[in-house]
2 protein chains.
Amino acid sequence: MQKEHNLSKNQKIIFDLIDKSGGPMKAYSILFNVQKKGIKAPLQVYRALDKLVEIGKIHKIESRNAFIACQNSSCQVSKATAFSICESCENVSEISNLKLSKYLSNFSDNSGMKYSKYNLEFFGLCKKCKSK
Amino acid sequence: MQKEHNLSKNQKIIFDLIDKSGGPMKAYSILFNVQKKGIKAPLQVYRALDKLVEIGKIHKIESRNAFIACQNSSCQVSKATAFSICESCENVSEISNLKLSKYLSNFSDNSGMKYSKYNLEFFGLCKKCKSK
DNA sequence: AACATTATGTAATAATATAACATTTAGAAG
DNA sequence: CTTCTAAATGTTATATTATTACATAATGTT
C-alpha cells in the first residue's frame with residue numbers, strides 16, 4: 001500500500017500538471033504552465049519536484065532532464081525504475097515488469113557494493129515511429 | 001575487435017584527460033583542465049565529447065552529467081551500458097557482466113517497442129563508504 | 001585539383017539547476 | 001491553546017550545463 005502523503009499546495013499543483021500531461025515534462029515548461037497559479041520562480045518548481053521524486057509520485061528521466069508521473073501505483077519510493085524511451089517521438093513509458101525488477105533488485109557483483117537503487121532507460125523506436 | 005578511430009587533436013587531448021583521471025569528469029572541469037592546451041570554449045569540449053560518446057570511447061553518466069572512459073575494451077559503441085555509482089564518494093565504475101548484458105539486450109515486453117540501446121545506473125554505497 | 005566531409009575557432013546565448021536569506025504554514029509536544 | 005520544530009514558501013541572484021550560428025581550416029576521396 002502506498003502511504004498517503006499530504007501534498008502541499010505547490011506540490012499538488014505541479015503533480016497534477018505532470019500527471020495530467022500523461023508524459024514527461026521539463027522543469028521550465030512546468031514553470032511556464034504554473035505561472036498563472038502563482039508559482040513564479042524556478043526554485044519553487046525544483047523544490048516541489050525534489051519532494052515528489054523523494055516520495056515516489058514522479059520520476060526523473062535522467063537522459064532527458066524531464067519528470068514523469070509514476071505509472072506504477074505500488075511504487076512507494078523511487079528506488080527501482082525502468083523506462084522505455086522512443087528516440088524519435090520522445091514518448092516515455094514506465095516499464096513494470098516483475099521479472100525485470102526482481103532480476104535487477106537482486107543483482108550483485110563482486111565489487112563489494114550493496115545496491116539500494118537503480119535506474120534503467122531503454123531506447124528504441126516505438127510502434128508508431130517504426131512504421132513510418 | 002574495436003575499430004581504431006583516428007582521434008582528432010581535440011578529441012585526443014580530451015580523451016586522454018578523462019582516461020587518465022580514472023573516473024567521471026564533468027564538461028567544465030575538462031574545459032578548465034585543457035585550457036593550457038588551447039581548448040578555450042565549451043563547444044570545443046562538447047563537440048569532442050559527443051564524438052567520443054558516439055564511437056564508444058567514453059560514456060555519459062546521465063545522473064551525474066559526467067563522462068567516463070570506457071573500461072570495457074570490447075565495447076564498440078555505447079549501446080549497452082551499466083554503471084555502479086557510490087552515492088557517498090561518487091565513485092563510478094562500469095559493470096561488465098555478461099549475464100546482465102545478455103539479459104538486458106534480449107529484454108522485450110509487450111509494448112511493441114524494439115530496444116536498440118539501454119543505460120543502467122545502480123546506486124549504493126561502495127565498500128569503503130559502507131565501513132565508515 | 002576539385003569536392004565532400006569532418007573538425008576547429010569564436011562569440012553569444014539558451015536551458016537546467018542551486019545558493020542564500022527571510023518569512024510563513026502545518027504538525028507535534030507540552 | 002501555546003510553544004516549539006520541521007517543512008514549505010517567496011524572492012533575488014547566480015551557478016552549471018549545453019547549444020545556436022557563423023566563419024574557417026584540415027582531412028580524405030575521386
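Worth saying up front: this structure is predicted, and the values here are computed from it rather than measured. Lettering of chains follows the sequences in order, A, B, ..., and the numbering in each one begins at 1. Just so it is clear, the values below take in all heavy atoms, side chains as well, and ignore hydrogens, waters and symmetry mates.
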Item checked: Check against side chain to side chain contact (heavy atoms under 4.5 Å, CB included), B:Leu7 and B:Leu52 -> CA-CA 9 Å; B:Leu7 300 183; B:Leu52 291 168; 3.9 Å; yes
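Separating the CD atom of A:Glu62 from the C1' atom of D:dA18 is a distance of 16 Å, rounded to the nearest angstrom. To the nearest angstrom, C1' of D:dT16 lies 16 Å from CZ of B:Phe32. Across the protein-nucleic acid pair, A:Lys60 atom NZ and D:dT17 atom P stand 11 Å apart, rounded to whole Å. In this structure, the CD1 atom of A:Ile13 is 12 Å from the C1' atom of D:dT9, given to the nearest Å. When rounded to the nearest whole Å, the span between CG of B:Leu7 and P of D:dT27 equals 14 Å. For the pair B:Asp50 CG and D:dT20 P, the interatomic distance rounds to 11 Å; values are reported in whole Å.
Taking the charged nitrogens against the carboxylate oxygens, A:Lys117 and B:Glu87 do have a contact shorter than 4.0 Å, which makes a salt bridge.
Between the side chains of A:Glu121 and A:Ser63, a donor-acceptor pair is found at a separation under 3.5 Å. In the model, B:Asn119 has a side-chain atom that pairs as donor or acceptor with a side-chain atom of B:Thr81 under 3.5 Å. Side-chain polar atoms of A:Asn10 and A:Ser8 form no donor-acceptor pair below 3.5 angstrom.
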Margin query: Each nucleotide in nucleotides 5-10 of chain C should get exactly one letter: B, S or -. Can you fill that in based on protein heavy atoms under 4.0 Å?
Written below: --SBBB
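Other residues, nucleotides and ligands contribute at most 12 non-hydrogen atoms within 6.0 Å of the NZ atom of B:Lys40. When the shell of 6.0 Å around NZ of A:Lys130 is examined, it contains more than 12 heavy atoms from other residues, nucleotides or ligands.
Between B:Ile85 and B:Glu90, the closest heavy-atom pair is CG2-OE1, 4.3 Å. Of all non-hydrogen atoms in B:His59 and B:Phe83, the two that sit nearest each other are CB-CZ, 3.5 Å. Annotation for B:Ser84 and A:Met113: closest pair OG-SD, 3.5 Å, computed over non-hydrogen atoms.
As judged by a 4.0 angstrom heavy-atom cut-off over every strand, A:Lys12 is placed among residues making no nucleic acid contact.
Neither OP1 nor OP2 of D:dT17 sits under 4.0 Å from any side-chain N or O of A:Asn65.
Within residues 21-31 of chain B, the residues that place at least one heavy atom under 4.0 Å from DNA chain D are, in residue-number order, B:Lys26, B:Tyr28.
B:Tyr115 and B:Phe107 have parallel rings, their planes meeting at less than 30° on a 0 to 90° scale where 60° marks the start of perpendicular.
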Please tabulate, one pair per line, each protein N/O and nucleotide N/O from nucleotides 23-26 of chain C that are separated by under 3.5 Å, including the distance.
none

